[in-house]
> 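I am attaching a structure below and will ask some questions about it afterwards.
Below, read A as the first sequence line, B as the second, and so on, with proteins coming before strands; counting in each chain starts at 1.
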Amino acid sequence: MLQVAFIRENKEDIIARLAKRNIDATEMINNAIAFDEERKALQTSLDNTKAESNALSKEIGNLFKSGEVQKANLLKEKTTQLKEVTKNFEQELNNKVEALAELLYKIPNVPNPIVPAGNTDEDNEETFREGDIPKLHDTALPHWELAKKYNIIDFELGNKITGAGFPVYIGKGARLQRALIAYFLDKNTEAGYTEYQVPHLVNEASGFGTGQLPDKEGQMYHVTLDNLYLIPTAEVPATNIFRDTLLNESDLPISITGYTPCFRREAGSYGAHVRGLNRLHQFDKVEILRVEHPDNSYKALDSMVNHVKGILQDLKLPYRILRLCGGDLGFTSALTYDFEVFSTAQDRWLEVSSVSNFETFQANRLKLRFKNGDGKNELCHTLNGSSLALPRILAGILENYQTEDGIKIPEALIPYTGFDMIP
RNA sequence: GGAGAAAUGGCAGAGUGGUCGAAUGCGGCAGUCUUGAAAACUGUUGAGGGUCACACCUCCGGGGGUUCGAAUCCCUCUUUCUCCGCCA
């Protein structure tokens, strides 16, 4: 959520930058400013009425004390009238505040100036590419065939137990999952991220805190009996650690990592591009998250990007980095880098990580602030990224590391798997 | 799940209808003293709205109510603690 003061002061610039998302925000921005003006006027009227009422109440108290009951009763009538006025102002003010909030919820974050213009993923800008694409043997298979051949993932069994998109990992497949999680967490903690284990269900307030609610509730599984939501990403519980928090400047930066399963309804997706592990309703992911001083957040973003790079180099997977264009940029993000691994048997790139700087957009909604050098409270910057998401990494490993004798395990993982081949 | 108690500023903890945005202690910050530090002393120290700055308004777990007036009384929800029950 953008701050109204920020909107007021940078109106033209914000409209121009939001145009990169292919939206004309002129009306929304103008309305936000106008609503806020109206809000202020109502607040002032209400405050003045209350001030008058408060003064009278005090006077009544004094009159009662000095025994001037008649005079007091006269004033009482006046306050009763003021009460009515107060009520009306309060009602109007609430409506205005709500209207303003609803409007602000609808305005996406302002893209960083280096975000390329564009509509679709085709306009994303490749900023880096590394790793050799392996030459596979003639009978190379896509990962869903490999999963069946080596009996390491059973999609049909998942269908039976739950439904599509809930695979069952078996034997070395299960062990490989566990190995990846442990390996990612180790890499992250070595880099200074503190490991957290967070709840996999969150309440409504947390959903609002990170922006899944009120608009995107269709993406989450909802446990209606207890009014809880299954997390679509660790970002939700991990970021909400900092909801309503006032930090000291010396607390920054904060770096945390955590593994969670992620649950996504993915309503409306279908077809070949969601086959196998490409898109699931339940999957595992290790997330990294930072809370930063505003002056340092872009340096932090670079360091996160480098960190993820290091892991993909370690795994010796061919990958590229994309700077997302305005049309592809997430609602809350100011700048996002996507990592894609090349899946050789499918002959396509698979997104395995998305690293973003949200600047103050999340912090504003979360009320995540720090006390700066002048003793003033300032919003923090938040960033997060996957480090990494498992299924597509697994798909990449299965496909790129397949040989006629079986699937080799990347060297970096062998200490975690305890085997070097899935025969 | 049942019974009881509680929720106040960064923390601890007073406050049962007006003089309370809230005593006191600790912590934080600034200063005095000191070569420096500690101790001691003095001052200062919650958040949001609003203002050029004041004024003013709101906030004592959340929501609602009683009252001219609520941290204080009532209702309700949430959370915590104690006891009982159940249980990996």
> Can you pull every protein N or O that's under 3.5 Å from an N or O on nucleotides 71-73 of chain B?
none

> Using a cut-off of under 3.5 Å, enumerate the N/O to N/O pairs linking the protein to nucleotides 64-68 of chain B.
from	atom 1	to	atom 2	distance (Å)
C68(B)	O4'	Thr79(A)	OG1	3.4
C68(B)	O2'	Ser57(A)	OG	3.1
C68(B)	O2'	Thr79(A)	OG1	3.3

> Tell me what Asn73(A) touches on the nucleic acid: a base, only sugar-phosphate, or nothing, going by heavy atoms under 4.0 Å.
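Nothing, no heavy atom under 4.0 Å.
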
> Show the distances under 3.5 angstrom between N or O atoms of the protein and N or O atoms of nucleotides 44-49 of chain B.
from	atom 1	to	atom 2	distance (Å)
A47(B)	OP1	Lys371(A)	NZ	2.7
A47(B)	O3'	Arg369(A)	NH1	3.3
A47(B)	O3'	Asn377(A)	ND2	3.4
G48(B)	OP1	Arg369(A)	NH1	3.2
G48(B)	OP1	Asn377(A)	ND2	3.4
G49(B)	O3'	Arg39(A)	NH2	2.8
G49(B)	O2'	Arg39(A)	NH2	3.2
G49(B)	N2	Asp47(A)	OD2	3.1

> Looking at Glu411(A), I want to see if its CD is surrounded by more than 12 non-hydrogen atoms of other residues, nucleotides or ligands under 6.0 Å.
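No, CD of Glu411(A) has 12 or fewer neighbouring heavy atoms, counting only those of other groups under 6.0 Å.
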
> Please, which pairs that meet side chain to side chain donor-acceptor pair (under 3.5 Å) have at least one residue in residues 241-257 of chain A, sequence neighbours excluded?
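Passing the test, one end in residues 241-257 of chain A: Asn188(A)-Thr257(A), Ser206(A)-Arg243(A), Asn240(A)-Arg243(A), Glu249(A)-His293(A).
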
> Can you run down the side chain to side chain donor-acceptor pair (under 3.5 Å) pairs that involve residues 52-62 of chain A, sequence neighbours left out, and say none if there aren't any?
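Sorted pair list comes back empty.
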
> How far does the C1' atom of C59(B) sit from the matching atom of A7(B), given to the nearest Å?
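One C1' to the other, the span is 16 Å.
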
> Output the rounded distance in Å from CG (Leu228(A)) to P (U79(B)).
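After rounding, the gap between these two atoms is 10 Å.
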
> What verdict does the ring pair (Phe, Tyr, Trp, His ring centres under 6.0 Å) test give for His307(A) and Tyr193(A), after you've listed the backbone C-alpha separation in whole Å, the side-chain angles of each residue and the deciding distance to 0.1 Å?
CA-CA 11 Å; His307(A) 176 66; Tyr193(A) 294 88; 5.6 Å; yes

> Can you tell me how far C1' in C81(B) sits from the matching atom in G28(B), rounded to whole Å?
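Approximately 30 Å lies between the C1' atom of C81(B) and that of G28(B).
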
> What protein N or O atoms touch nucleotides 60-62 of chain B N or O atoms at under 3.5 angstrom, if any, and at what distances?
none

> Establish, yes or no, whether the cationic atom of Lys172(A) lies under 6.0 Å from the six-membered ring centre of Phe419(A) and within 45° of the ring axis.
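Yes, cation above the ring, under 6.0 Å and within 45°.
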
> In whole angstrom, give the distance that lies between atom CD of Glu204(A) and atom P of C77(B).
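Checked: the CD to P distance equals 18 Å.
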
